[in-house]
Amino acid sequence: MISSNSIASSTYMSILYRLFFAQRWWLLVLPVVACLALMAVDVRFAYVALIVAMAMVMISLPIMYYYALTQESRWSILEKTVTIADNGLQLDFMSDKMCRHVIPWSDISSTTAVCECLIIRIRKNRYTFLAVPLKVFDSKEALREFVLTIHHHISAGEA
């Protein structure tokens with residue numbers, strides 16, 4: 001069991017940005033590079049490149065908020081206790097507005113460490129995850145045991 005934990009919404013967004021742009025960084029860079037290459041034809045394309053760069057940032061913001069405003073994003077941000085149960089990870093929230101929730105083992109795909117957090121990826125969506133701060137673990141051995149238990153349940157469910 002992991003005692004009361006939560007992350008700041010800014011940390012959640014930082015993790016989301018890292019996960020999203022780790023695979024799609026070229027979508028933002030390609031139009032800007034194309035405009036910079038056209039500078040050989042006309043120098044004014046430098047201004048176009050700046051405009052396109054700002055447009056890419058403005059396009060990426062709604063996409064990021066689309067992924068950040070899911071039901072599951074509250075799981076990371078709200079204060080909770082995480083317990084390993086037979087049927088999955090049990091989340092007991094301190095807030096009266098959220099009740100107990102169980103993430104079944106079949107919905108968990110993997111774990112990763114990002115931004116001083118343990119990221120437990122959920123199969124529902126590519127960018128759906130539960131972030132648990134690494135500081136809530138008493139030791140590295142407790143963290144290792146927690147992750148190994150999750151992986152054991154994941155692999156048992158796949159078999």
Hydrophobic clusters here meaning ILVMFWY residues chained together by side-chain heavy-atom distances under 4.5 Å, can you tell me if Met56 and Met58 are in one? yes
Taken to the nearest 0.5 Å, the spacing of Ile120 CD1 from Thr128 OG1 works out to 13.5 Å
Output the distance between atom CD1 (Ile119) and atom OG1 (Thr111), rounded to the nearest 0.5 Å. 10.0 Å
What about Leu61 and Met54, same hydrophobic cluster or not, with Ile/Leu/Val/Met/Phe/Trp/Tyr joined at side-chain heavy-atom distances under 4.5 Å? no
Expected output: side-chain Arg100 to main-chain Gln90 donor-acceptor under 3.5 Å: no
How close do Arg121 and Phe129 get, counting heavy atoms only, and between which atoms? CA-CB, 4.2 Å
Hey, could you give me the CD1/CG distance between Ile84 and Leu89, rounded to the nearest 0.5 Å? 6.0 Å
Evaluate the criterion side chain to side chain contact (heavy atoms under 4.5 Å, CB included) for residue pair Trp75 and Tyr12; output intermediate values, then yes/no. CA-CA 11 Å; Trp75 297 349; Tyr12 184 86; over 6 Å; no
List the atom of Ile15, the atom of Cys115, and the distance in Å for their closest heavy-atom pair. CG1-CB, 3.9 Å
Within a radius of less than 6.0 Å around CG of Asp86, do more than 12 heavy atoms belonging to other residues, nucleotides or ligands occur? no
Do Thr149 side-chain atoms and Glu145 backbone N/O form a donor-acceptor pair below 3.5 Å? yes
Is it possible for you to say whether Val32 and Ile59 belong to one hydrophobic cluster, with membership spreading through side-chain heavy-atom contacts below 4.5 Å? yes
Enter the distance from Ser106:OG to His153:NE2 here, rounded to the nearest 0.5 Å. 13.0 Å
CD1/Ile77 to CD/Glu79 distance, rounded to the nearest 0.5 angstrom? 13.0 Å
Work out which heavy atom in Arg123 is nearest to a heavy atom in Ile108; give both atom names and the distance. NH2-O, 3.4 Å
Specify the closest pair of heavy atoms between Ser109 and Ile122, including all atoms of both residues, with the distance to one decimal. OG-N, 4.4 Å
Going through the checks in order, is the side chain to side chain contact (heavy atoms under 4.5 Å, CB included) test met by Met39 and Leu36? CA-CA 5 Å; Met39 279 179 47; Leu36 291 176; 3.6 Å; yes
Quick check: is Val43 connected to Leu38 through a chain of hydrophobic side chains (ILVMFWY, heavy atoms under 4.5 Å apart)? no
His101 side, atom NE2; Leu78 side, atom CG - distance, nearest 0.5 Å: 12.5 Å
Can you say whether the rings of Phe146 and Phe137 are parallel (under 30°), tilted (30 to 60°) or perpendicular (over 60°)? tilted
Check the pair Leu91 / Val102 against side chain to side chain contact (heavy atoms under 4.5 Å, CB included), numbers first and verdict last. CA-CA 6 Å; Leu91 309 177; Val102 176; over 6 Å; no
Does the side chain to side chain contact (heavy atoms under 4.5 Å, CB included) test come out yes or no for Ser76 and Leu130, once each step is laid out? CA-CA 5 Å; Ser76 297; Leu130 172 66; 3.9 Å; yes
If every non-hydrogen atom of Ser6 is compared with every non-hydrogen atom of Lys80, which pair is closest and at what distance? CA-NZ, 4.0 Å
